[in-house]
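Structure first, commentary second.
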Amino acid sequence: MHKLHLTALLGLMLMVALTPLSAHAQQNSESEIIDEFTVEPDSIVVTVTATGVIEPERSVDMGFETSAPVAEIIVQEGDSVQSGEVMARLSADDLEAALREAEIALELQQLALEALIEPPRQVEVAAAEAAVVAAEAAIPAAGTGPTSQQIEIARVQAELARNALWQSQLNRDNKDALDPQFRGGLPDIILTESGVFNAETDVQIADTNIRVLEQQGGGLGAIASAEQQLVQAQIALEDLLNGPDEIDLLRFQIQLDEAELAVERARVALKQAELLAPFDGVVAQNNLTVGENPPTTDPAIQVVDNSTFYVELAIDENDVVDIEIGQAVSLRLDALPEAEITGTIQRIAITPNPDSETVVYRARVAVAPTEANVRVGMSTTATITTQELQDVLVIPNRFIRIDRETQQAFVTVQRSEGRFEEIPVTLGERNNEVSEITSGVEPGQRVVLVPRDAAGLGEASDVLGG
């Protein structure tokens with residue numbers, strides 16, 4: 001009985017021994033392989049990632065240059081504005097009145113200069129010539145003095161001239177009462193003032209004639225006085241016919257320039273009571289209240305340019321050497337994960353950021369125009385393409401092991417059914433998903449991922465992952 005059992009046991013062991021090993025090994029190998037990859041030429045895109053915040057290309061805090069209660073607020077937060085558009089106004093009644101007065105003074109000075117350089121009117125020449133004739137006629141009579149009839153005629157003429165002056169002044173005052181803001185137009189004002197000026201001149205001439213007659217008391221003194229009056233009348237006639245000299249012209253021109261400057265200053269002062277949009281954009285802040293003075297610490301209105309944005313990135317010192325101006329950047333916004341937003345490197349700092357605890361360099365990314373609803377302050381992750389390699393051998397990072405002590409890279413290949421071998425490889429460029437293999441494997445070779453004990457991997461190692 002025992003002999004029979006022993007014979008059966010020996011037979012069973014012989015059957016197991018004669019069973020093909022290849023089939024058993026293949027079954028074990030297939031169960032041990034977690035993943036596999038066939039090495040083939042492919043492309044690899046090398047990138048650097050960094051985070052930042054969407055910022056506007058332009059942002060201006062606006063404030064008034066003068067202080068007065070706010071009279072009108074035209075825009076509110078969120079409103080779009082165009083360059084030069086009035087956003088708010090201060091109370092400016094006094095400034096507007098000052099501008100009107102300056103403009104009127106300028107017009108009067110311009111007319112005065114034109115009157116100075118224009119040829120004399122015939123009536124003015126006639127009056128000056130009459131004064132010369134009267135002075136000449138007074139010399140012969142200077143020895144005996146004027147008659148009472150001559151003095152009375154001169155007084156009547158002076159009275160008539162004075163009555164004409166009063167009438168001109170009355171006409172002017174009546175017009176001012178009917179139109180205190182000169183709504184009748186500037187030409188009417190000039191004509192009224194010109195009439196008063198001419199009447200005043202006539203009164204002065206008439207009064208001068210009376211004084212001349214009264215001073216003619218006879219004798220040599222009276223004759224000398226009459227001759228002096230003749231000389232003055234001749235000089236006045238000559239000046240009238242010859243026009244103004246250079247000094248008079250220069251004086252009037254200086255006065256005209258001063259009047260023009262006064263108008264410009266008044267206009268500037270009035271403009272300072274308005275807040276104009278500096279460029280096309282959006283109102284980000286509005287801290288104004290009608291009836292109150294503008295704030296002194298906060299901006300009255302903040303305007304941002306929402307047509308152009310940028311992102312300021314902090315690039316690690318190990319990565320900044322691969323960053324160049326003009327490189328393409330892909331931006332992923334946390335608030336708009338599906339939006340495809342791109343940009344380019346616009347500038348790179350040559351010195352590290354002094355406010356950072358680590359050595360990082362600032363790089364500005366100009367955001368390309370987009371239809372996405374991008375807003376200031378949104379967080380973004382930037383992926384910068386630093387290099388694109390074509391037709392190189394690549395392996396996914398999860399198949400690569402790095403020895404912690406030697407930093408040597410290894411991959412596991414399958415030599416035969418159930419037999420694996422870990423071989424060293426040399427890495428080139430890599431990104432978060434794949435790495436370039438410059439040596440160690442051949443195209444078409446099968447790389448596998450197996451449990452660590454299947455390939456006899458040590459503990460002091462890291463897998464790149466990805």
Side-chain angles (χ1 to χ4, degrees), residues 60 62-75 81-121 124 165-166 168-201 204 243-278 288 290-296 300-301:
V60 177
M62 305 293 297
F64 290 97
E65 297 184 24
T66 185
S67 181
V70 177
E72 183 180 12
I73 303 174
I74 302 174
V75 298
V81 293
Q82 294 183 338
S83 178
E85 179 181 345
V86 179
M87 299 183 294
R89 291 188 179 92
L90 301 180
S91 298
D93 293 342
D94 294 342
L95 298 176
E96 292 175 352
L99 176 59
R100 288 196 298 269
E101 292 177 1
E103 290 174 341
I104 292 173
L106 175 60
E107 292 289 342
L108 291 174
Q109 192 61 40
Q110 288 173 334
L111 291 174
L113 180 58
E114 292 174 0
L116 180 67
I117 61 179
E118 285 181 354
R121 295 177 298 171
E124 295 174 337
L165 172 60
W166 290 339
S168 298
Q169 292 173 336
L170 181 62
N171 292 338
R172 179 194 61 188
D173 296 340
N174 288 338
K175 183 171 182 58
D176 291 348
L178 294 174
D179 194 3
Q181 297 299 324
F182 302 109
R183 290 187 294 270
L186 192 57
D188 293 339
I189 302 171
I190 301 304
L191 290 175
T192 302
E193 293 292 342
S194 178
V196 174
F197 176 77
N198 292 335
E200 290 176 344
T201 302
Q204 293 175 359
D245 57 21
E246 293 183 359
I247 295 179
D248 288 335
L249 288 174
L250 180 60
R251 176 166 52 85
F252 270 76
Q253 186 61 52
I254 292 174
Q255 293 173 350
L256 179 62
D257 293 342
E258 291 176 348
E260 290 175 345
L261 289 175
V263 170
E264 186 62 28
R265 285 194 295 267
R267 287 175 179 169
V268 170
L270 185 59
K271 276 296 182 182
Q272 290 177 348
E274 294 181 340
L275 211 56
L276 307 181
L288 297 176
V290 173
E292 298 182 3
N293 286 356
T296 57
I301 292 178

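As a basis for the values below, the full set of heavy atoms in this structure was taken, side chains included, without hydrogen atoms, waters or symmetry mates. Remember, it's a predicted structure, so these values are computed and weren't measured experimentally.
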Evaluate the side-chain proximity of [Y] to [X]: yes if any heavy-atom separation is below 4.5 Å, no if none is.
{"X": "Glu274", "Y": "Glu72", "result": "no"}
{"X": "Val70", "Y": "Ser91", "result": "no"}
{"X": "Leu99", "Y": "Val263", "result": "yes"}

Could you tell me the separation between the [atom1] atom of [X] and the [atom2] atom of [Y], rounded to the nearest 0.5 Å?
{"X": "Gln255", "Y": "Leu250", "atom1": "CD", "atom2": "CG", "result": "10.0 Å"}
{"X": "Gln109", "Y": "Gln253", "atom1": "CD", "atom2": "CD", "result": "9.0 Å"}
{"X": "Leu108", "Y": "Leu256", "atom1": "CG", "atom2": "CG", "result": "11.5 Å"}
{"X": "Asp257", "Y": "Leu106", "atom1": "CG", "atom2": "CG", "result": "10.0 Å"}
{"X": "Glu65", "Y": "Leu90", "atom1": "CD", "atom2": "CG", "result": "11.0 Å"}
{"X": "Glu85", "Y": "Leu276", "atom1": "CD", "atom2": "CG", "result": "9.5 Å"}

Show, in sequence, the C-alpha distance, side-chain angles and deciding distance for Gln110 and Leu113, and conclude whether the side-chain contact (heavy atoms from CB on, under 4.5 Å) test is met. CA-CA 5 Å; Gln110 288 173 334; Leu113 180 58; 5.9 Å; no
Can Leu95 and Gln272 be said to form a side-chain contact (heavy atoms from CB on, under 4.5 Å), step by step? CA-CA 10 Å; Leu95 298 176; Gln272 290 177 348; over 6 Å; no
Smallest separation among heavy atoms of [X] and [Y], with atom names:
{"X": "Leu165", "Y": "Ala199", "value": "CA-CB, 3.5 Å"}
{"X": "Gly63", "Y": "Ala300", "value": "CA-CB, 4.2 Å"}
{"X": "Ala277", "Y": "Val81", "value": "CB-CG2, 3.8 Å"}
{"X": "Ala273", "Y": "Phe64", "value": "O-CE2, 3.5 Å"}

Does atom CG (Asp94) have a neighbourhood of more than 12 heavy atoms from anything else shown, all under 6.0 Å?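 Atom CG in Asp94 is not crowded, with 12 or fewer foreign heavy atoms closer than 6.0 Å.
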Check each of Leu288, Thr66, Ile301 against Pro294 using the side chain to side chain contact (heavy atoms under 4.5 Å, CB included) test, and report the only one that passes.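 By the side chain to side chain contact (heavy atoms under 4.5 Å, CB included) criterion, Pro294 pairs with just one of Leu288, Thr66, Ile301: Leu288.
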Does Glu103 come within less than 4.0 Å of Arg100, counting only side-chain N to carboxylate O?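 Judged by the 4.0 Å cut-off on N to carboxylate O distance, Glu103 and Arg100 do not form a salt bridge.
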